[in-house]
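One structure is given below, encoded as structure tokens.
Every chain is numbered from 1, with letters handed out A, B, ... down the list of sequences.
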Protein chains: 2
Amino acid sequence: MPLSKDHKQRSKQRILDSAVALFSKYGFNKVSINEIMEHAQLTRGGFYAHFGSKEELYAEAVIKASQNSKIFEANETLACDREFIQALINGYLNKNHISQKSPPCPLAFLATDVANEEKQVREVYTKIFKGFVNMMNARAINKTTTKTENQMMALAAMMIGGVAVGRVLTDNKLVDELLESCRNIAIGLIEQEG
Amino acid sequence: MPLSKDHKQRSKQRILDSAVALFSKYGFNKVSINEIMEHAQLTRGGFYAHFGSKEELYAEAVIKASQNSKIFEANETLACDREFIQALINGYLNKNHISQKSPPCPLAFLATDVANEEKQVREVYTKIFKGFVNMMNARAINKTTTKTENQMMALAAMMIGGVAVGRVLTDNKLVDELLESCRNIAIGLIEQEG
DNA sequence: GTCTATAGAAAGATAGAC
DNA sequence: GTCTATCTTTCTATAGAC
């Protein structure tokens, strides 16, 4: 690969990383291209050498965020199903996740934000959600058939809802209670006969 | 009440209704004051006779949306606890809710949107969430103590998450599956011993 | 209390130098 | 490929007539 191409790729990745961090923290509309480029230590004008529009960046940033987050660690761990899924639940429904000390999951951080965008971004979100549910299905304990799918989809909704709501609440004690409640019910769900 | 004061009140309510509809559909940043005022059949300049800023309108609109939605119907119905809470779950985790054919619940429609705003709006959201959970607790079946609170808070997260995610998905069949899964698990949860 | 008109700031996107 | 400079649009908010 020529040096210039490598350089361009690295710039693009820096832009994407900045976009993930800023969009997750402030939402799509509250962040300007200028801010993203400055965060990536570049200048405004260079943006369009990498992306055709701000919307296009958003779609790629949502994918990148999902890759960074815990929700697709499935393939990389050798833990048994129970250990794996418990670790996923505990890491996801966690204060470090809410405060972005661990990489933010776009399904929770950008849920209503993506709902307001064009089809392109919503399709990306849909695909990531499907992947998340499928992965949990594959790892589910006490599997049978449809009931497991039911449980895993509802579990995904609870995890996403718990983090999305927890991020809004101004009452710190309530956030702790919410996260703990969701973790408890979630763990109960996966132990149930499916 | 003098006629002018009544007139002003009605204008303010029209502005609030427009704000609820447009913010819920497009999000805070995608909607301009001009659009809200036109939707309320008024002109741009008149806005500041009613609200000090766009943020202030948002806070009031979130309250108004919660009052319109199903989540505070508790005091108005005489149905027994089981009937009431089942009806709430079925009405909330419903396609008519997602498409805003029934009044949108701000907890689901504005979750990550509110997370990006100032403390004032987030405190309003927090209060509404508390009220929602408390109401469900009061109506819970097979009550005991802490375990019920756990269940109801996790249930709230699942309901909010289910609607928030369902609103994004571009795959209609998947939306149906998601809503049905959440309804099934939710009904199962409230029938559990608490 | 509501209107028209406009100030002032910031955004997305483009043009052209190097 | 990245820079500076700028076009054009759109926004919040204010001023002043009625």
Side-chain angles (χ1 to χ4, degrees), chain A residues 1-23 25-62 110 113-114 116-121, chain B residues 1-23 25-62 110 113-114 116-121:
Chain A
M1 192 189 290
L3 210 129
S4 67
K5 201 168 180 183
D6 184 53
H7 183 210
K8 176 168 183 180
Q9 273 307 306
R10 270 191 284 183
S11 290
K12 182 164 181 172
Q13 288 307 312
R14 278 215 315 281
I15 296 173
L16 273 174
D17 285 333
S18 298
V20 169
L22 295 175
F23 286 152
K25 198 163 185 182
Y26 303 110
F28 181 70
N29 288 281
K30 280 257 162 74
V31 179
S32 70
I33 291 174
N34 193 26
E35 286 170 322
I36 294 166
M37 292 300 276
E38 277 181 3
H39 188 274
Q41 291 175 299
L42 293 164
T43 50
R44 189 166 40 255
F47 176 77
Y48 293 91
H50 301 279
F51 301 95
S53 68
K54 196 186 173 187
E55 280 271 344
E56 197 181 305
L57 167 66
Y58 198 33
E60 290 204 42
V62 171
L110 300 173
D113 209 56
V114 170
N116 302 323
E117 298 304 325
E118 300 301 310
K119 206 172 179 183
Q120 185 192 9
V121 190
Chain B
M1 193 190 290
L3 211 129
S4 67
K5 202 169 180 183
D6 184 54
H7 182 211
K8 177 167 182 180
Q9 273 308 306
R10 270 190 285 183
S11 290
K12 181 163 180 172
Q13 288 308 312
R14 279 215 316 281
I15 297 173
L16 273 174
D17 285 333
S18 298
V20 168
L22 295 174
F23 285 152
K25 199 163 184 181
Y26 303 111
F28 181 70
N29 289 282
K30 281 256 162 75
V31 178
S32 69
I33 291 174
N34 192 27
E35 286 169 323
I36 294 166
M37 292 299 277
E38 277 180 2
H39 188 275
Q41 291 175 298
L42 292 164
T43 49
R44 192 166 37 257
F47 175 79
Y48 293 91
H50 301 279
F51 302 94
S53 68
K54 196 185 175 187
E55 280 269 345
E56 196 181 305
L57 167 66
Y58 198 34
E60 289 203 41
V62 171
L110 300 173
D113 209 55
V114 170
N116 301 323
E117 299 304 324
E118 300 302 310
K119 207 175 180 184
Q120 184 193 8
V121 190

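Here A:S32 pairs with A:N34, A:E35 under the side-chain contact (heavy atoms from CB on, under 4.5 Å) rule; sequence neighbours left out. Qualifying side-chain contact (heavy atoms from CB on, under 4.5 Å) partners for A:E118, counting only residues two or more places apart in sequence or in other chains: A:E55. The salt bridge (charged side-chain N to carboxylate O under 4.0 Å, His left out) test applied to A:K12 returns A:E60, not counting sequence neighbours. Looking at residues two or more places apart in sequence or on another chain, you find a side-chain hydrogen bond (donor to acceptor under 3.5 Å, both in side chains) between B:Q13 and B:K64. Partners of A:K30 under the side-chain hydrogen bond (donor to acceptor under 3.5 Å, both in side chains) rule, at least two apart in sequence or in another chain, are B:E117.
Rounded to 10 degrees, the angle between the two end axes of the helix from C:dG1-D:dC18 to C:dC18-D:dG1 is 0°, with five pairs used at each end.
Residue pairs meeting the salt bridge (charged side-chain N to carboxylate O under 4.0 Å, His left out) criterion with at least one partner in residues 38-54 of chain B, sequence neighbours excluded, are absent.
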I need a per-nucleotide contact map over nucleotides 4-18 of chain D, read 5' to 3'. Cutoff is protein heavy atoms under 4.0 Å; write B for the base, S for backbone only, - otherwise. B-B----SBBB----

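One interatomic measurement links the two molecules: CZ of A:R14 to P of D:dG1, which rounds to 14 Å at whole-angstrom precision. Rounded to an integer number of Å, the gap from NZ of B:K12 to P of C:dT2 is 12 Å. At whole-Å resolution of the value, OH in A:Y58 and P in C:dG12 are 14 Å apart. C:dG12 atom P lies 14 Å from atom CZ of A:F51, rounded to whole Å. Straight-line distance from the CD atom of A:Q41 to the C1' atom of D:dG1: 16 Å, rounded to whole Å. Computed from coordinates, the A:M37 CE to C:dA13 P distance equals 13 Å when rounded to whole Å.
Taking only side-chain nitrogens and oxygens, A:S11 comes nearer than 4.0 Å to OP1 or OP2 of D:dT2.
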Which pairs would a plain distance check flag for residues 14-21 of chain B, meaning a side-chain donor or acceptor within less than 3.5 Å of a matching protein atom at least two apart in sequence or in another chain?
from	atom 1	to	atom 2	distance (Å)
B:R14	NE	B:A40	O	3.0
B:R14	NH2	B:A40	O	3.2
B:S18	OG	B:R14	O	3.0
B:S18	OG	B:H39	ND1	2.8
B:S18	OG	B:A40	N	3.4

Determine, step by step, whether A:Y48 and A:I33 satisfy the side chain to side chain contact (heavy atoms under 4.5 Å, CB included) criterion, reporting the C-alpha distance in whole Å, the side-chain angles of both residues, the deciding distance to 0.1 Å, and the verdict. CA-CA 10 Å; A:Y48 293 91; A:I33 291 174; 3.4 Å; yes

